Amino acid sequence: MSIFEYNGSAVVAMVGKNCFAIASDRRLGVNLQTIATDFQRIYKIHDKLYIGLSGLATDAQTLYQRLVFRHKLYQLREERDMKPETFASLVSALLYEKRFGPYFCQPVIAGLDDDDVPFICTMDCLGAKELAKDFVVSGTASESLYGVCESMYKPNMESEELFETISQALLSSVDRDCLSGWGGHVLLVTPTEVVERTLKGRMD
Amino acid sequence: MMELDLSGFESCPLFPGGVVADHGENPLAAASFQLPACSDFDGFQKDAIQMTKPAKGTTTLAFVFKEGVIVAADSRATMGGYISSQSVKKIVEINPHMLGTIAGGAADCQFWHRNLGIKCRLHELANKRRISVTGASKLLANILYSYKGMGLSVGTMIAGWDEKGPGLYYVDNEGGRLKGTRFSVGSGSPYAYGVLDSGYQFNMSVEEAAELARRAIYHATFHDGASGGVASVYHVGPQGWKKLSGDDVGELHYKYYPMILTPTEQEMADTSAA
């Protein structure tokens, strides 16, 4: 199994009507052994910007710490939060800096820009951006996730329906992957509130 | 004149047609599988072995106690990281008094267990009595030893009740054959052993033993990524084997560790139930 499959992960983000949802599994493993079932993969950059990092867990944590540092510097200089598009460019640049010794992570960025229009994108481990209008996926369960999201997704879903859809998509995909799962974590972000929920999933 | 039964000397399997060597032939002549006609046989062998990938991603266990033998297994099949099935039968019924477990290559285990069942039945017909667990496991071990190094992946346990009482043997593709009272095979076996060894007592009732086996499989499915699905538990007694239970481990988790709802969640659960 490859270095991307060492810890196991699944992250997905979906766009709804003036809102977005980002979800991840909660397993941390070492090859086939499960070590923890409460591992956090989705991190907050600011109230309207979240990043989910799949792949090697240590690189995900280090990359997150570097990104938070860069964003705080930005906040001090510009006296405002970063726009999601700008942040995506920052992540891409940071990843390409390590072109010949990369971070083994695949980030999923989701945010609301100044007009509260949802923005999602994903990247490979070298920083190649992939913008999408509907959903983005990453992790060991990504192929399953693509299939399930493609069939379950509808544009302009309201927040409750979006929550249901993303939860079902995540749970059914990770049930076909032995390296991810053991519960789920969903964040639903609208212009006015952020709802964080834990999913009850199969623990095998 | 009575013909001596030399089938025990046969180190090779039956023809694909499923018929034992005829009376006319020398019973000691080696029957063989057809080999592939290709230029690079070694390379072909290597690729074929890599394909079957002897990873043994599974959890099976069996133990002997006062009332017989308990055999339990999960039901997940994986191809690398992908879960190809959550409903594989890993406990095979060799005959009404003997069970075998599957770990390793599914095709290998299924074929050779069926082959063993045939040999056991032939033994019964030839000798007018059921084969012992010792004999059955020896037959299988000899076959597997003759294929040693050819990439078979079989980690099986043969459990049964014969005239000497309950019997349990572990047989693998390396040619190993061990008699014992407690075994667990597969990638989830360390976790199963932990639970099994700490809870084992010879003087258990059938229900207690079944619950111990169920818990051991559940804990293995929790920690091991390659195990999961349904925990099946069988019991082999003097009258033969009987399937005791098949519980989905996803549900077992919440039964053993029920979620303690916080007051808000409790309220939500009550309103939705109302």
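Order of the sequence lines fixes the chain letters, A, B, ..., with proteins taken first and strands second; residue numbering starts at 1 for each chain. Keep in mind that this is a model prediction, so the values were computed, not measured.
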Problem set entry | Close side-chain approach of A/Gln33 to B/Tyr191, heavy-atom, < 4.5 Å | yes

For this session: Count the heavy atoms of every other residue, nucleotide or ligand shown that sit under 6.0 Å from OH of A/Tyr74, and state whether that count exceeds 12.
Result: yes

Exercise. Between A/Glu5 and chain B, which part of the residue has a heavy atom less than 4.5 Å away: side chain, backbone, both or neither?
Worked result: neither

Problem set entry | Toward chain A, the part of B/Thr78 with a non-hydrogen atom under 4.5 Å | side chain

For this session: Nearest 0.5 Å please: distance from the OG1 atom of B/Thr221 over to the CE atom of A/Met203.
Result: 10.5 Å

For this session: Could you tell me which non-hydrogen atom of A/Asp175 sits nearest to which non-hydrogen atom of B/Gln86, and how far apart they are?
Result: O-NE2, 4.0 Å

Problem set entry | Interchain contact, A/Asn31 with chain B, by part (heavy-atom threshold 4.5 Å) | neither

Exercise. For the side chain of B/His223 and the backbone of A/Thr34, is there at least one donor-acceptor N/O pair under 3.5 Å apart?
Worked result: yes

For this session: Let me know if A/Thr37 has heavy atoms under 4.5 Å from chain B in its side chain, its backbone, both or neither.
Result: side chain

For this session: State whether the number of non-hydrogen atoms from other residues, nucleotides or ligands found under 6.0 Å of A/Tyr96 atom OH is greater than 12.
Result: no

For this session: Would you confirm whether A/Trp182, through its side chain, and B/Phe222, through its main-chain N or O, come within 3.5 Å as a donor-acceptor pair?
Result: yes

Exercise. Is a donor on one side and an acceptor on the other found under 3.5 Å between the side chain of B/Arg76 and the backbone of A/Asp204?
Worked result: yes

For this session: Check the surroundings of atom CZ in A/Arg70: do more than 12 heavy atoms from other residues, nucleotides or ligands lie under 6.0 Å from it?
Result: no

For this session: Verify the neighbour count for atom CD of A/Glu143: are there more than 12 heavy atoms of other residues, nucleotides or ligands below 6.0 Å?
Result: no

Exercise. Would you find a donor on one side and an acceptor on the other, under 3.5 Å apart, between the side chain of A/Arg176 and the backbone of B/Tyr82?
Worked result: no

Problem set entry | CZ (B/Arg182) with more than 12 external heavy atoms under 6.0 Å | yes

For this session: Work out which heavy atom in B/Gly225 is nearest to a heavy atom in A/Cys178; give both atom names and the distance.
Result: O-CB, 2.7 Å

